[in-house]
Amino acid sequence: ADGLRAALDYAEGFLQQYYPQWPQGLQEVLRYRANAEHEGVAPAARAAGATDAAREAEARAEQAWQQLLDALPAYAIVWQEYAAWARGAGRPEAALRALRKGAGLAQDHPGVLRTEALSLERQVGTLQSLSTALVKAVDAKRTEEQEAQKLARMEEDAAAKAKAKVEEGKRRAAAKRREAEA
């Protein structure tokens, strides 16, 4: 286990030093670290009766996921993968917290995370938390629609201004022609 950890430490350091703009590489290393600790080291330690080592491996897995979430908060896929991992680890409440947080931080597909959070909320949440989540989802959807409408109005205004400038240019050109003819 120590050799694997050292290799992953090296890979992570290498990526951070030489390829800091390649988030997918870091994502793969950290995901592999979390899965190796959770699916490999922890079960082996439990089987050997080393419960402290198993708890340490689970803590390292959680730490790797947290590092990944901190490094790439704008990507919904990272939040989804952590939530799936947490559910598989028997921690649905952690998965739910992550989906809620990710819905507020992800810049690519926050609606997907809200939908997954609502689904999980129905399974493990309380009636109050589900109600709160539904209100937040409706508010977020309304805000998205308002932003889309605002953007559409801005585009329409820009098009109208451009058209008005073209018409003004045509009027001026016609006036100059009349003036030149006279």
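For this chain, numbers begin at 1 and follow the sequence in order. Remember, it's a predicted structure, so these values are computed and weren't measured experimentally.
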Is the closest side-chain heavy-atom distance between E28 and Q24 below 4.5 Å?
no

R172/E168 ion pair, N-O < 4.0 Å
yes

Starting at CG of L4, measure out to CG of D9 and round the result to the nearest 0.5 Å.
9.5 Å

CD of Q67 to CG of D70: how many Å apart, nearest 0.5 Å?
8.0 Å

Nearest heavy-atom pair of A74 and D108: which atoms, and what distance?
O-OD1, 3.3 Å

Within a strict 4.5 Å, meaning less than it, do heavy atoms of the W65 and L30 side chains meet?
no

Could you see if V112 belongs to whatever hydrophobic cluster contains L120? Use Ile, Leu, Val, Met, Phe, Trp, Tyr and a side-chain cutoff under 4.5 Å.
no

Would you say the side chain of W79 lies within less than 4.5 Å of the side chain of L105, judging by non-hydrogen atoms?
yes

Do K163 and E156 sit within salt-bridge range, that is, some charged N less than 4.0 Å from a carboxylate O?
no

Chi angles and distances behind the side-chain contact (heavy atoms from CB on, under 4.5 Å) call for K176, R171
CA-CA 9 Å; K176 283 185 180 182; R171 279 194 296 273; over 6 Å; no

Just so I know, are the side chains of E37 and E56 near enough to count as touching, which here means a heavy-atom distance under 4.5 Å?
no

Out of curiosity, F14 CZ to L26 CG, how far, rounded to the nearest 0.5 Å?
13.0 Å

Please report the shortest heavy-atom distance between V29 and A11, naming the atom on each side.
CG2-CB, 4.1 Å

If every non-hydrogen atom of A95 is compared with every non-hydrogen atom of R87, which pair is closest and at what distance?
CB-CG, 3.7 Å

Minimum heavy-atom distance between A76 and L113, given as atom pair plus value
O-CD2, 3.7 Å

Among the clusters formed by ILVMFWY side chains lying less than 4.5 Å apart, do Y19 and V78 turn up in the same one?
no

Applying side chain to side chain contact (heavy atoms under 4.5 Å, CB included) between Y82 and each of K101, R31, E62, report the one that passes.
E62

Taking every non-hydrogen atom, the tightest pair across A34 and A61:
O-CB, 3.4 Å

Does a side-chain heavy-atom distance below 4.5 Å link E81 with Q27?
yes

In Å, rounded to the nearest 0.5 Å, how long is the span from CD of E12 to CG of L68?
10.0 Å

Working for side-chain contact (heavy atoms from CB on, under 4.5 Å), residues L8 and R5
CA-CA 5 Å; L8 291 170; R5 289 177 184 143; 5.8 Å; no

Nearest 0.5 Å please: distance from the CE atom of M154 over to the CD atom of E147.
9.5 Å

So do R33 and Q63 actually touch side chain to side chain, heavy atoms under 4.5 Å?
no

Report the distance from atom CD of Q146 to atom CZ of R153, rounding to the nearest 0.5 Å.
9.0 Å

With hydrophobic residues grouped by side-chain heavy-atom distances under 4.5 Å, do L72 and L99 end up in a single group?
yes

